[in-house]
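Read the structure below first, then the notes.
Here the structure is a predicted model, which is why all the values come from computation and not from measurement. Starting from 1, each residue takes its place in the sequence as its number.
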Amino acid sequence: MPNTANLSTVFDACVEPLTDANVFANVNRTDAGIRCDAMHVEEECYYAAHLDDQGNLWAGWYSPDRWVSGSIEGDLVHTGDKIDELLEEELIDLGLCIKIPLEHYRNDDKIFVFHGKVTLPEDTDEASDMLVKILLAFQACFVELGDMAPGEDE
């Protein structure tokens, strides 16, 4: 994985392609990484890639809203789908043959989390391309689940 200084360059390089994908309401560079706000949802939901205090890179879906998290869990229970497998399918569709085992919990900041640890290649261009694809895969995976799906309340 690129060192911390190079990760800053990787995060910076992700902003434009993620914005150009036109699947996020906003894409912002944060101190710890990158945040992509979900489109077409009333609740605060976002996709992010960020470094934790130990220097691990995490990517995933986040929301402080219990109900939207519960609606995603409900869809998964109802369909019997495994979120790790749904994400893996989206990653494969984007040309990445990797697995990202996901954790799901509510963190100390009372944010509901579906995320996994990510290891990027050393090359900055390859790393930014991979991270863009990972965030796009998360969006493609979660956009159809629960209250994330457009028109769910109509």
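- Open room surrounds CG on Asp31; 12 or fewer heavy atoms of other groups in view lie less than 6.0 Å from it.
- Of the inter-residue distances, the one linking Gln54 atom CD with Lys117 atom NZ reads 8.5 Å to the nearest 0.5 angstrom.
- With contacts defined as side-chain heavy-atom distances shorter than 4.5 Å, the pair Met148/Cys45 qualifies.
- Rounding to the nearest 0.5 Å gives a distance of 12.5 Å between CG of Leu87 and CG of Asp81.
- Nearest heavy atoms, Ala140 versus Val143: O-CG1, 3.6 Å.
- Val132 has its side chain within reach of Leu136: a pair of non-hydrogen atoms, C-beta onward, lies under 4.5 Å apart.
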Derivation of the side chain to side chain contact (heavy atoms under 4.5 Å, CB included) call for Glu44 and Asp65: CA-CA 7 Å; Glu44 179 185 358; Asp65 191 282; over 6 Å; no
Test side chain to side chain contact (heavy atoms under 4.5 Å, CB included) applied to Asn56 and Leu51, step by step: CA-CA 5 Å; Asn56 297 308; Leu51 287 174; over 6 Å; no
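- Using a 4.5 Å heavy-atom cutoff, the side chains of Val23 and Met39 are not in contact.
- Listed by chain and number, the hydrophobic cluster partners of Val113 are Tyr46, Trp58, Tyr62, Tyr105, Ile111, where partners are ILVMFWY side chains within reach of under 4.5 Å, directly or through others.
- Proximity of a side-chain donor or acceptor of Arg29 to a complementary backbone N or O of Gly33 within less than 3.5 Å is detected.
- Using a 3.5 Å distance cut-off with no hydrogens or angles, the side chains of Arg106 and Ser69 do not pair a donor with an acceptor.
- Smallest separation of non-hydrogen atoms from Leu135 and Cys36: CD1-SG, 4.3 Å.
- Of all heavy-atom pairs between Val68 and Ser63, the closest is CG1-OG, 3.4 Å.
- Put simply, the side chain of Asp75 gets close to the backbone of Gly146: a donor and an acceptor are under 3.5 Å apart.
- Summarising the geometry of Ala59 relative to Val118, their closest heavy-atom pair is CB-CG2, 3.8 Å, with the distance given to 0.1 Å.
- Cys141 and Ile83 get closest at one heavy-atom pair: SG-CD1, 3.6 Å.
- Leu131 is listed as a side-chain neighbour of Val10, based on a closest heavy-atom distance under 4.5 Å.
- More than 12 heavy atoms of other residues, nucleotides or ligands lie within 6.0 Å of CD in Glu103, so this atom counts as buried by the packing criterion.
- In this structure, the side chains of Phe112 and Arg66 come closer than 4.5 Å at one or more pairs of heavy atoms.
- Proximity of Phe24 to Thr19: side-chain heavy atoms (C-beta onward) are nowhere separated by under 4.5 Å.
- Within the 4.5 Å cutoff, side-chain heavy atoms of Ile100 are placed close to those of Leu102.
- Residues Phe138 and Trp61 place their aromatic rings such that the two centres sit no closer than 6.0 Å.
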Audit row: Ile134, Ile98, side chain to side chain contact (heavy atoms under 4.5 Å, CB included) steps and yes/no: CA-CA 10 Å; Ile134 288 169; Ile98 61 170; 4.1 Å; yes
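- The CG atom of Leu86 lies 6.5 Å from the CG atom of Leu145; values are rounded to the nearest 0.5 Å.
- With salt bridges taken as basic N to acidic carboxylate O contacts below 4.0 Å, none links Asp84 and Lys99.
- Nearest heavy atoms, Thr119 versus Met130: O-CE, 3.6 Å.
- In this structure, the side chains of Asp37 and Asn28 come closer than 4.5 Å at one or more pairs of heavy atoms.
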Candidate pair Glu90 and Asp93, rule side chain to side chain contact (heavy atoms under 4.5 Å, CB included), full reasoning: CA-CA 5 Å; Glu90 296 299 341; Asp93 286 350; 4.0 Å; yes
